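Numbers here simply count residues along the sequence, with the first being 1. Just so we're clear, the structure is a prediction, and the values are computed from it rather than from any experiment. First listed ligand is number 1; within each ligand, the first listed atom is number 1.
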Amino acid sequence: MCGIFGCVLKRSEAAPLIRAGLKRLEYRGYDSVGEVTVHQRRLFIKKDSGKIDEVHKLHNLDDLPGRVGIGHTRWATHGAPYQANAHPHTDCQEELAVVHNGIIENFGELKAELVEAGHAFRSKTDTEVIAHLIEERLKEGLTLAEAACAAAKRLEGSYAIAVVSLKEPDKIVCARKESPLVVGLADDAAYCASDIPAFLPLTNKVVIVEDGELVIISDAECEIRKISDFKKVPREPEIIDWSPEMAEKQGYPHFMLKEIHEQPLRLRNTLRLQEQYLELMTTFLDRAGEVFLVACGTSYHACLAASYMFSKLALLATHPVIASEFVEQHGRSVNIDSTILVVSQSGETADTLSTVESSRQRAATVLGLTNVIGSTLTRVARVYVCQQSGPEIGVAATKTFTSQLSVLSQLALRLAKKRGKVSHVEIEELEEKLEQIPEIVETIIRLQEDKVKRLAKKYRGKRCFFFLGRGISSAAAMEGRLKLMEIAYIPSIAYPAGESKHGPISLIEKGFPVVFVCPKDETHKTIVSNIMEMKARGASIISVIEEGDEKIKALSDDYIEIPKGLPEVLSPIPAVVPLQLFAYYMAIENGCDPDKPRNLAKSVTVK
Ligand code: AGP
């Protein structure tokens, strides 16, 4: 949940580039920051607690001399965000420095061993053991890469590390296990980072580093070796067709708003995915004895919606499961006939990846849907589909959610076709509607954004919201709730509307805001009575309805219209967009930073 960045430059000074790279990784963690450069046989270090801009203002991070350096922006897991715990961490002689993203589970026993051997520790972090472990091995005459490799073998847990040393001042050595790490190559430089956007403005020539690999970066080159046997691994760089702008805000005040507006474009991308992988995944789903749809947070809401899609289109019963509960709930029943479709935009969420691990141990088939090529999920899944949403920088998932829904609905439709569960007419109609989705979302943003903005102003002071829907719309309601909670910090409750009278309705009093997601589908009749139940007790009804739905309009205090005529299984895609905007504008009303919500990080790589 931290961001690491490093560079070896042929000509220019490293420090300003490191700061800029860390700035592009700040969404991964922002409670402390630090940089170290190597120059004239000395390490130059600056680090402190606080966001990059604050620490830079205080210490001027750019005046560290040298063409080689690494940096870190932190999301504390071990040791509170004090200066001493900020990265980089050094060895006893301050001759080498390490930055790290991940968690070293056995750092306690390693630290005890090193203290026993006379090492002095300066921080409370797990990371510092790495610096002293490498120091130990360098004393035995190993090269920096060999020493880092030997140290990595001792580490249990997750890590992406970068190391610089006075012994070999012109290179950076990195290693990874579970935590993400990528290398970027340019004519006069080489970069390492937790994520591609960090160096995208500098190069789109990327070398993906696999789990259990070590990388030696020097002079615009990189060499990969296996940590297990230190053997060389040949690997060609890939050209990533992401433009630097894709990683910048393009004039929007926040990444989140930019990414909400990007949805039409990204949804078009989902309609052009590689046929063979979609078909292969459909084949695996068709053969499956039982299917689990597993994920966390927003991705879980996509799984929930998908369970309605698979059932309604392909008559396939699936189990949507929250990843952190999977092993407890289903771990023992998973077997060789089980298929686990894992959904994760980052492809790095620890809870989700742990379900993959336990399922693979029971010979289940693991399929993956992700947004990040080269992520861990792409390496552990039997087949994966990359949803092509481009980098999502805002911590709150938006474009990746609607893209997940589009891909999952395509899989359900393919399976329905394969099993002959839908007529040709239905198939054509659904495919036609899928093609129209990008425009429909475009229309909603164009016509409804200002109205949503006004609604956020109107409901600004409300201290709690309900989000209700029936059928597949309950998934959209749950996503609307999560967005409002995570970026505007307003306690909110979501559940299938039929549950109201079994308890939650007791909270309703005059003016209590209840958001209903109610497209004109098979649930329309029943949700009208749920609205009336709430209205009878004084609730303020805010409804997301199809154009011209006069019945619910008449019952609503406020409503947001989405274009009519979309098949039920596709309705969560347009229906969630006004809810994303509502949460965004409510966050602005409440003076919150929608891109960096407190207590959260973009990719949750700890369990
Ligand atoms: C959603 O806005 C949150 N950022 C969070 O709930 C997220 O969906 C969850 O952590 C799963 O992330 P993933 O899709 O990268 O696995």
Under 4.0 Å to a heavy atom of [X] - the qualifying atoms of ligand 1, by number:
X: Lys483; value: 1 (C), 2 (O)
X: Thr298; value: 1 (C), 2 (O), 6 (O), 8 (O)
X: Ala396; value: 2 (O)
X: Ala397; value: 1 (C), 2 (O)

Can you tell me if Ser603 contacts ligand 1 (heavy atom of the residue under 4.0 Å from the ligand)?
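The answer is no, since Ser603 has no heavy atom less than 4.0 Å from ligand 1.
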
[X]-[Y] aromatic ring centre distance below 6.0 Å:
X: Phe5; Y: His72; value: no
X: Phe292; Y: Phe326; value: yes
X: Tyr495; Y: Phe466; value: yes

Please enumerate all residues that pass side chain to side chain contact (heavy atoms under 4.5 Å, CB included) together with Asn335, with sequence neighbours excluded.
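Partners of Asn335 under the side chain to side chain contact (heavy atoms under 4.5 Å, CB included) test: Glu290, Asp337, Ser338.
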
Nearest-neighbour protein heavy atom for [atom], which is reported as residue plus atom name and distance:
atom: atom 4 (N) of ligand 1; value: Val395 O, 2.8 Å
atom: atom 9 (C) of ligand 1; value: Cys296 O, 3.8 Å
atom: atom 2 (O) of ligand 1; value: Glu486 OE2, 2.6 Å
atom: atom 10 (O) of ligand 1; value: Val604 CG2, 4.0 Å

For a salt bridge (charged side-chain N to carboxylate O under 4.0 Å, His left out) check, start with the C-alpha distance between Glu392 and Lys399, then their side-chain angles and the critical distance, and finish with the verdict.
CA-CA 8 Å; Glu392 186 171 65; Lys399 62 177 180 174; over 6 Å; no

State, without any angle test, whether Thr73 and Glu26 hold a side-chain donor-acceptor pair at a distance under 3.5 Å.
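No, no side-chain donor-acceptor contact under 3.5 Å.
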
Proximal candidate to atom 14 (O) of ligand 1 [heavy atom criterion; set Ser299, Ala302, Ser346, Gly297]:
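That would be Ser299.
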
Does a salt bridge link Glu210 with Arg379, judged by any charged N lying under 4.0 Å from a carboxylate O?
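Result for this pair is yes, salt bridge flagged.
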
Sorted by first residue and then second, give each side chain to side chain donor-acceptor pair (under 3.5 Å) pair with at least one member in residues 443-454; sequence neighbours left out.
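Qualifying pairs: His261-Glu449, Glu449-Tyr585.
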
Do any nitrogen or oxygen atoms of Thr349 come within less than 3.5 Å of a nitrogen or oxygen of ligand 1?
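Such a contact does occur with ligand 1.
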
Any nitrogen or oxygen of Ser344, side chain or backbone, less than 3.5 Å from one on ligand 1?
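Yes; the residue has a nitrogen or oxygen that sits under 3.5 Å from a nitrogen or oxygen of the ligand.
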
